[in-house]
Amino acid sequence: SISEILPSAATDSVTVSLADSPSVASISSLAALCAGEIINPAVPAINNNGTSVTNEGWQLGGDFITVPYTVSDADDGKILQYYATNSCGTGYSNSVSLTVNPRPSTPVASSNSPVCAGSALLLTTSSVPGATYAWTGPNGFNSSDQNPTISSTWTGNSGTYTLAVTVGGCTSLADSID
């Protein structure tokens, strides 16, 4: 018979594993931000799906960024995503749209200084629509009035007074007067 003449065929097997592009877990949405605020979101979990991740990082509006990252007015509405790349492709997290509110302009603080002890010190600034005002000064002085008055001053009122305004949850840089 023919089977007696031919040697028996050996069976070899090869294990094949298939890989896929990485899977990136969801990232959390961010609360509304103020221009100048720093974000440092947590890196999401990555499933490399059978091969090593060769590159990963953050993208904002399609541009690669490093975190911590300082947002600007120009980042309003841009999409934030995390990506991971392996030899099979690139995977992305969900997309998170940023809301970045502008920082109010720095107010200009002024006063009627110098004043004599016992006289009124008038602190003033221009009106900012929708603003809350935060004045601070010597001896624990605090006021939320736009234009506060210290009716009867003494030497302990001498020093630097600082003003910042807040609009829509975003606080301006401060201005100071002596």
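Worth saying up front: this structure is predicted, and the values here are computed from it rather than measured.
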Verdict with reasoning, Leu80 to Ile65, per side-chain contact (heavy atoms from CB on, under 4.5 Å): CA-CA 10 Å; Leu80 179 68; Ile65 64 167; 4.2 Å; yes
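For the residue pair Ser176 and Thr160, no side-chain donor N or O sits within less than 3.5 Å of a side-chain acceptor on the partner. For the residue pair Gln81 and Ser93, no side-chain donor N or O sits within less than 3.5 Å of a side-chain acceptor on the partner. Remark: the Asn147 side chain and the Tyr133 side chain contain no N/O donor-acceptor pair separated by less than 3.5 Å. A donor and an acceptor atom, one from each side chain of Thr54 and Asn86, are nowhere located under 3.5 Å apart.
A single hydrophobic cluster is not seen to contain both Val167 and Val71; linkage of ILVMFWY side chains at heavy-atom distances under 4.5 Å, directly or through other members, places them apart. One hydrophobic cluster, built from ILVMFWY side chains closer than 4.5 Å, holds both Val100 and Leu60. Val96 and Trp58 fall within a single hydrophobic cluster, where Ile, Leu, Val, Met, Phe, Trp and Tyr side chains are chained together by heavy-atom contacts under 4.5 Å. Transitive grouping of hydrophobic side chains (ILVMFWY, heavy atoms separated by less than 4.5 Å) keeps Leu122 and Trp135 in distinct clusters. Linking ILVMFWY residues whenever their side-chain heavy atoms come closer than 4.5 Å, directly or via other members, places Ile27 and Val43 in the same cluster.
Atom CG of Asn157 is separated from atom OG of Ser119 by 11.0 Å, given to the nearest 0.5 angstrom. A distance of 9.5 Å separates CD1 in Ile46 from OG1 in Thr85, rounded to the nearest 0.5 Å. In this structure, Thr124 OG1 and Leu121 CG are separated by 9.5 Å, a value rounded to the nearest 0.5 Å. One distance of note links CG of Leu163 with OG of Ser110; it measures 9.5 Å at 0.5 Å rounding. A distance of 7.5 Å separates CG of Asp175 from OG1 of Thr125, quoted to the nearest 0.5 Å. Note that the OG1 atom of Thr162 and the CZ atom of Phe141 stand 11.0 Å from one another [nearest 0.5 Å].
Using cut-offs of 30° and 60° for the angle between ring planes, the Tyr83 and Tyr92 rings count as tilted.
Side-chain contact between Asp178 and Ser113 is absent, with no heavy-atom pair separated by less than 4.5 Å. For the pair Leu33/Ile39, a side-chain contact is recorded, criterion being any heavy-atom separation below 4.5 Å from C-beta on. Side-chain contact between Ser172 and Pro107: present, with at least one pair of heavy atoms (C-beta onward) separated by less than 4.5 Å. Taking 4.5 Å as the limit, some side-chain heavy atom of Ile150 sits within range of a side-chain heavy atom of Tyr161. With a 4.5 Å cut-off on side-chain heavy atoms, Ser97 and Lys78 do not count as touching. Side-chain contact check for Tyr69 versus Asn40: every heavy-atom pair is 4.5 Å or farther apart. The side-chain heavy atoms of Ile177 and Leu123, taken from C-beta on, include a pair separated by under 4.5 Å. For the pair Thr132/Val165, no side-chain contact is recorded, criterion being any heavy-atom separation below 4.5 Å from C-beta on.
In terms of heavy-atom proximity, Pro104 sits nearest to Thr171 at CD-C, 3.9 Å. Across Thr153 and Ala120, no two heavy atoms sit closer than the pair CG2-C, 4.4 Å. Here the closest heavy-atom approach between residue Pro148 and residue Ser143 is recorded as CB-OG, 3.4 Å. The two residues Gly89 and Ser21 have their closest heavy-atom pair at C-CB, 3.6 Å. Scanning both residues, Thr70 and Gly36, for their nearest heavy atoms gives CG2-O, 3.5 Å. The two residues Ser26 and Asn94 come nearest to each other via the heavy atoms CA-OD1, 3.0 Å.
Between the side chain of Asn139 and the main chain of Gly156, a donor-acceptor pair closer than 3.5 Å is present. In this structure a side-chain-to-backbone donor-acceptor pair under 3.5 Å is present from Asp75 to Ser72.
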